[in-house]
Amino acid sequence: MPRLALYAIALCVLAAAAAVVSFVHGSWLGVVWLLLMGVASNMAWYYVRKQKNDRAAASVGE
């Protein structure tokens, strides 16, 4: 798995934890954490799919 995808997954998990903590404390700032979690999950998905497509293209080129 690409390193950037791992970082994005870690950021997604941390943002989810921060959102839970924010909502438990009664803060609406958790909404921002949820939005950040969505962006991070999309980044992780993008980098995983990119690596898969790059490998497929490399194997076709051989």
Side-chain angles (χ1 to χ4, degrees):
M1 185 176 292
R3 186 177 304 181
L4 287 174
L6 292 174
Y7 290 152
I9 290 170
L11 179 63
C12 185
V13 169
L14 291 173
V20 168
V21 169
S22 293
F23 284 132
V24 166
H25 286 294
S27 174
W28 285 96
L29 189 62
V31 173
V32 175
W33 289 113
L34 287 177
L35 293 173
L36 181 63
M37 186 177 73
V39 170
S41 68
N42 285 340
M43 286 176 55
W45 179 254
Y46 170 78
Y47 285 117
V48 169
R49 293 289 296 170
K50 182 178 181 299
Q51 182 188 23
K52 182 179 177 184
N53 290 336
D54 288 347
R55 284 186 182 169
S59 67
V60 170
E62 291 178 352

Once rounded to the nearest 0.5 Å, what's the spacing between atom [atom1] of [X] and atom [atom2] of [Y]?
X	Y	atom1	atom2	result
M37	L14	CE	CG	12.0 Å
K52	D54	NZ	CG	12.5 Å
Y47	I9	OH	CD1	13.0 Å

State yes or no: do L34 and V13 share one hydrophobic cluster built from I, L, V, M, F, W and Y residues joined by side-chain heavy-atom distances below 4.5 Å, directly or via other members?
no

State plainly whether one hydrophobic cluster holds both L6 and L11, where clusters connect Ile, Leu, Val, Met, Phe, Trp and Tyr through side-chain heavy atoms under 4.5 angstrom apart.
no

For residues 24-33, which side-chain N or O atoms pair as donor and acceptor with protein atoms under 3.5 Å away, sequence neighbours left out?
unit_1 : atom_1 : unit_2 : atom_2 : d
S27    : OG     : L29    : N      : 3.1

